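Here's the structure, in structure tokens; my notes come after.
Being a predicted model, the structure only gives us computed values, none of them experimental.
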Amino acid sequence: MKVIYRNGEMREGSFEETWVREAFWHTTAHILAQAVKRLYPDTKCSIGPTIEQGFYYDFDFSFPFGEEQLPQIEEEMKKIVKESLTVQVCEISRSEALSYMQEREESYKVELIDGLPAEEEISFYKQGDYAEFCAGPHVSNTCHIKAFKLLSIAGAYWRGDEKNKMLTRIYGISFPKSSDLEAHLRLLEEAKLRDHRRLGKELELFTILKQGPGFPVFLPKGLILKNLLIDYWREIHRREGYLEISTPIMLDRSLWETSGHWEHYRENMYTTVIDDVDFAIKPMSCPGGMLVYQMRPRSYKELPLRLGELGLIHRNEKSGTLHGLMRVRACTQDDAHIFMTKDQIISEIQNVAALIDEVYTKFGFEYAVELSTRPENSIGTDEEWEEATNALARAMDSIGVPYKLNEGDGAFYGPKLDFHLKDSIGRTWQCGTIQLDFQLPQRFEAEYIGADGKTHRPIMIHRVVYGSIERFIGILIEHYAGKFPLWLAPVQIKILPIAERFHAYAKEVCQELTDAGMRCEVDERAEKIGFKIREAQLDKVPYMVIIGQKEWDAREVSVRSRDAGDVGSRSINQFVNELKKEMSR
């Protein structure tokens, strides 16, 4: 497949390559815009970028647009594809571009062009009767877009600003082959069934109230799940020599200026004034960890010093980006900061990578690693960035973990390794990260006394494993489709007496299981046993215990598995031993 760039260069590639996919989806976005303009000529176009899975285009329609219009647009798009339009590119001056868009009353395009440097030449991509200024690239002909689907619509403020007009965003996806599109649509249907927002409500795990958009509320079962993840986190971090700390949720402006966050992250921070001093609610925990390090003089004998923190952080996310537990304004970050000597860098990176691997393996995730390098908006010298980047690469190479380079996407203070885990239906999520930082210890003038009796500057690692516990829970809900493994299930056993006269024995069984460390509930409702079983299945409880006359007489329990169905009767002790064995795997 040929891809054309703004300078007229043609490159050949396959759809499996990221750059080709992006050009393919961007071309489809232009076909969408072309179809809309043919059907509704007075519609104004704004932007149509590619996203991780497909594309979208924002339009200003002169009428109430709804999803019922999407099939008509798709039909027009098919016509454009069949016309086999060659995509042409040319560069024109800024004034010519403005004139072109003004004549067509494309006010959003005019505003975008107005924001470009006066001397900059602007590339236009043209396909048949439609032309649009665009940086590209695009595939060379519309005939390549053989399979596409417009998926949904949503509201979107122009330029993401709530003060601006609300536009209509149309989302879509496209592929070179119909079979690929069909497979993707099946995946989307499966994803809908696994949607953590729906399952979170049905399983009574969490809610997000209209009084607090972006601020999750965990219900009793959801809090059990969250605490189980925290307990596991604490267990493995104690084992690995981490010391847990807790730093304030709010600190004054001078701290954030020293760390660089006030300059580089201010728009995402919530602020207030106390005693005429600016304060910020922490969007991350690293400056607080630095203050703990500096509380007293440090010796090289204390290094590496591993400080872990389950820090409640707040970030000012725009309302349009909020999404269940995946994108929130408040979350618990499983942060840790490691202070070390230069000689300890490689081994500490390796230790963190091994810990992340252990955790993801426990949950059944495969993962891939990206090494993100220096961004444009960064601090520090070229030499420091090169040394830090090479250290991350050497650490991964030495333990045989492959990685891809992600140029220019590092943190503003240092390069990083990002861990992208793959869930049970093949979607990827960025969770764990290892960031190597030479800068914050310098900005805070952190020191330790070396073996030579002189002061030295420590090196710092920022790292998370879950990333955000809230988001990780959202991922787990969708990964397991709500069917949590036994150790993680908020309710592990539902005890179902078939009549009221067996309630006393059901409670006795529940108490024995509880004493053995299990989480169980008794369903005492006056419902038929078939109904109770169906309800427990819908609640995705791993095990059901049926209690009737036979079980009462034998002082046993009849066990039904969520996944395997009826597995027979056994004594309570035998059942407990089986449960403990399953949880130890």
query: Between Ser46 and Arg159, does any side-chain donor sit less than 3.5 Å from a side-chain acceptor?
result: no
query: Are Ser378 and Trp385 close enough that some pair of their side-chain heavy atoms sits under 4.5 Å apart?
result: yes
query: Do Lys362 and Glu358 sit within salt-bridge range, that is, some charged N less than 4.0 Å from a carboxylate O?
result: no
message: Donor-acceptor check, side chain of Glu366 to backbone of Lys422, threshold 3.5 angstrom: yes or no?
response: no
task: Inspect the surroundings of CD in Gln102 and state if more than 12 heavy atoms from other residues, nucleotides or ligands are less than 6.0 Å away.
output: yes
message: Atom CD of residue position Glu68 - does it have more than 12 heavy atoms of other residues, nucleotides or ligands inside 6.0 Å?
response: yes
- request: Answer whether the closest heavy-atom distance between the side chains of His314 and Lys282 falls below 4.5 Å.
  value: no
message: I want to check something: taking the side chain as every heavy atom from C-beta on, are Ser107 and Lys44 in contact at a cut-off of under 4.5 Å?
response: yes
- prompt: Do Phe365 and Leu476 come close enough that some side-chain heavy atom pair is under 4.5 Å?
  reply: yes
task: Report the distance from atom CZ of Phe215 to atom CG of Leu322, rounding to the nearest 0.5 Å.
output: 8.5 Å
field: Backbone N/O of Ser93 and side chain of Glu96: donor-acceptor pair under 3.5 Å
entry: yes
message: Between Tyr413 and Glu384, is there a side-chain donor-acceptor contact under 3.5 Å, judged purely by atom types and distance?
response: no
- request: Answer yes or no: is there an ion pair linking Arg38 with Glu83, defined by an N-O contact shorter than 4.0 Å?
  value: yes
task: Give me the ring orientation class for Phe218 and Phe206: parallel if the planes are under 30° apart, tilted from 30 to 60°, perpendicular past 60°.
output: tilted
Beyond-backbone contact of Thr373 with Pro415, side-chain heavy atoms, under 4.5 angstrom: no
query: Say you draw a straight line from NZ of Lys201 to CD of Glu204; how long is it, rounded to the nearest 0.5 Å?
result: 11.0 Å
Pair Glu470, Thr332: side-chain N/O donor-acceptor within cut-off below 3.5 Å: yes
- prompt: Within the side chain of Asn406, is there an N or O that forms a donor-acceptor pair under 3.5 Å with the backbone of Ser372?
  reply: no
message: Just so I know, are the side chains of Leu150 and Tyr171 near enough to count as touching, which here means a heavy-atom distance under 4.5 Å?
response: no
- prompt: CG of Leu371 to CE of Met396: how many Å apart, nearest 0.5 Å?
  reply: 9.5 Å
- line: CG (Leu392) and CD (Gln435) are apart, to the nearest 0.5 Å, by 10.0 Å
- request: Using the salt bridge (charged side-chain N to carboxylate O under 4.0 Å, His left out) rule, pick out the option among Glu132, Glu106, Glu76 that qualifies with Lys37.
  value: Glu106
Glu121 with Arg94: basic N within carboxylate O range, under 4.0 Å: no
Polar side-chain atom of Asp334 near backbone of Leu310 as donor-acceptor pair, under 3.5 Å: no
- request: Would you kindly say whether Glu370 and His420 are connected by a side-chain donor-acceptor distance under 3.5 Å?
  value: yes
message: For a quick check under 3.5 Å, do Tyr466 and Gln333 share a side-chain donor-acceptor pair by atom type?
response: no
- request: Output the distance between atom OG1 (Thr86) and atom NZ (Lys126), rounded to the nearest 0.5 Å.
  value: 10.5 Å
field: Residues which pass side chain to side chain donor-acceptor pair (under 3.5 Å) with Asp114, listed by chain and number, not counting sequence neighbours
entry: none
message: With no hydrogens and no angle check, just 3.5 Å: does a side-chain donor-acceptor pair link Glu267 and Asn316?
response: no
- prompt: What closest approach, in Å, do Leu421 and Cys431 show between heavy atoms, and which atom pair accounts for it?
  reply: CD2-SG, 3.6 Å
message: With no hydrogens and no angle check, just 3.5 Å: does a side-chain donor-acceptor pair link Arg11 and Tyr5?
response: yes
message: Looking at every heavy atom in both Leu225 and Pro490, which two are closest together, and how far apart are they?
response: CB-CG, 4.3 Å
Any donor-acceptor pair under 3.5 Å from Tyr130 side chain to Ala35 backbone: no
query: Could you give the distance from CZ (Phe24) to CD (Glu17), rounded to the nearest 0.5 Å?
result: 14.0 Å
- prompt: Where do Ala395 and Ile349 come nearest, in terms of heavy atoms and distance?
  reply: CB-CG2, 3.4 Å
Of Phe363, Trp429, Phe419, the residue whose pairing with Phe472 passes ring-ring contact (aromatic ring centres under 6.0 Å, His included): Phe363
task: Kindly state whether the ring of Phe65 and the ring of Phe59 have centres lying under 6.0 angstrom apart.
output: no
task: For the pair Gln127 (side chain) and Thr142 (backbone), establish whether a donor and an acceptor sit closer than 3.5 Å, ignoring hydrogens and angles.
output: no
message: Around atom NZ of Lys221, are there more than 12 heavy atoms from other residues, nucleotides or ligands closer than 6.0 Å?
response: yes
message: Distance alone, cut at 3.5 Å: any donor-acceptor contact between the side chains of Asp357 and Tyr367?
response: yes
- request: Classify the side-chain pair Arg197/His323 by whether it contains a donor and acceptor separated by less than 3.5 Å.
  value: yes
- prompt: ring pair (Phe, Tyr, Trp, His ring centres under 6.0 Å) with Tyr125: which residues, sequence neighbours excluded?
  reply: His138
statement: What one should report as the nearest heavy-atom pair of Lys149 and Leu185 is CG-CD2, 4.1 Å
Asp58-Trp158 side chain donor-acceptor pair, cut-off 3.5 Å: no
message: One thing to verify: whether Arg194 and Glu190 come together as a salt bridge, which I'm taking to mean a side-chain N less than 4.0 angstrom from a carboxylate O.
response: yes
- prompt: Between Glu103 and Lys109, does a salt bridge (Lys or Arg N to Asp or Glu O under 4.0 Å) hold up when you go through it step by step?
  reply: CA-CA 11 Å; Glu103 286 174 8; Lys109 301 294 186 185; over 6 Å; no
query: Can you find a pair of side-chain heavy atoms, one from Phe61 and one from Leu167, that are under 4.5 Å apart?
result: no
- prompt: Gln430 side chain to Gly432 main-chain N or O, any donor-acceptor pair under 3.5 Å?
  reply: yes
message: Checking the side chain of Arg329 only, and the main-chain atoms of Arg315 only, is there a donor and an acceptor separated by less than 3.5 Å?
response: no
query: With no hydrogens and no angle check, do the side chains of His462 and Asp335 hold a donor and an acceptor under 3.5 Å apart?
result: no
field: Whether Arg104 side chain and Tyr100 backbone form a donor-acceptor pair below 3.5 Å
entry: yes
field: Stepwise salt bridge (Lys or Arg N to Asp or Glu O under 4.0 Å) check, Glu189 with Lys192
entry: CA-CA 5 Å; Glu189 286 302 312; Lys192 283 183 184 178; 3.6 Å; yes
- prompt: Given the side-chain rings of Tyr57 and Phe55, with only the six-membered ring counted for Trp, is the space between their centroids under 6.0 Å?
  reply: no
message: In this structure, is the centre-to-centre distance between the rings of Phe148 and Phe175 below 6.0 Å?
response: no
task: Indicate the atoms forming the closest heavy-atom contact of Ala135 with Ser123, along with that distance.
output: CA-OG, 3.8 Å
message: Using a strict threshold of under 4.0 Å (side-chain N to carboxylate O), is an ion pair present between Arg374 and Asp382?
response: yes
query: With a 3.5 Å cut-off and no angle check, do the side chains of Gln53 and Trp25 form a donor-acceptor pair?
result: no
message: Looking at every non-hydrogen atom in both residues, tell me the closest pair between Ala191 and Arg427 and how far apart they are.
response: CB-NH1, 3.7 Å
- request: Side-chain contact test, heavy atoms from C-beta onward, threshold under 4.5 Å: evaluate it for Ile425 versus Leu187 and give yes or no.
  value: yes
query: Counting only N and O atoms by type, is there a donor-acceptor contact under 3.5 Å from the side chain of Lys146 to the main-chain atoms of Cys143?
result: yes
